[in-house]
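Position 1 is the first residue of the sequence, and the numbers go up from there. Small disclaimer: the values here were computed from a predicted structure and weren't measured.
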Amino acid sequence: MPAEHLAVPFKTVVLGVEVTVKKVDLLPGSQIVAVCTRGWHRQAIGILDLPLPDPAPEGAELIEAYRHWGP
């Protein structure tokens, strides 16, 4: 599971805004989300919708594998 192996925190850009990915959670129903923050704002984004930065954080290859083999 990516949550155990992804190096967090890391920064990425979502809809043109820089955010910090603080953690990865598994929600009921087996959905994996990245918990992103900017200032006091916090938003969970589906891991498959999360744009990865370049260079990608350690463990990002598991997200890519999930994109390929996941739901």
Looking at Glu58, I want to see if its CD is surrounded by more than 12 non-hydrogen atoms of other residues, nucleotides or ligands under 6.0 Å.
no
Can you confirm whether more than 12 heavy atoms, excluding those of Leu15, are under 6.0 Å from its CG atom?
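Not more than 12 within 6.0 Å, no.
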[Y] and [X], any side-chain heavy atoms less than 4.5 Å apart:
X: Ile63; Y: Leu52; value: yes
X: Val13; Y: Val19; value: no
X: Val8; Y: Pro57; value: no
X: Val14; Y: Ile45; value: yes
X: Val33; Y: Ile47; value: no

Starting from the C-alpha separation in whole Å, work towards a yes-or-no answer on side-chain contact (heavy atoms from CB on, under 4.5 Å) for Thr20 and Phe10.
CA-CA 6 Å; Thr20 301; Phe10 65 88; over 6 Å; no
Would you name the heavy atoms of Gln31 and Gly46 that are closest together and state the gap between them?
NE2-CA, 4.2 Å
Give me the atom names and distance for the closest heavy-atom approach of Leu50 to Cys36.
CD1-SG, 4.1 Å
Under 3.5 Å, side chain of Arg42 to main-chain N/O of Thr37, donor-acceptor pair present?
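No, Arg42 side chain to Thr37 backbone: no donor-acceptor pair under 3.5 Å.
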Could you go through Leu6 and Leu62, starting from their C-alpha distance and side-chain angles, then the distance that decides it, and tell me whether this counts as side-chain contact (heavy atoms from CB on, under 4.5 Å)?
CA-CA 8 Å; Leu6 185 63; Leu62 296 172; over 6 Å; no
Inter-residue atom distance Lys11.NZ - Arg38.CZ, 0.5 Å rounding:
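The distance works out to 10.0 Å.
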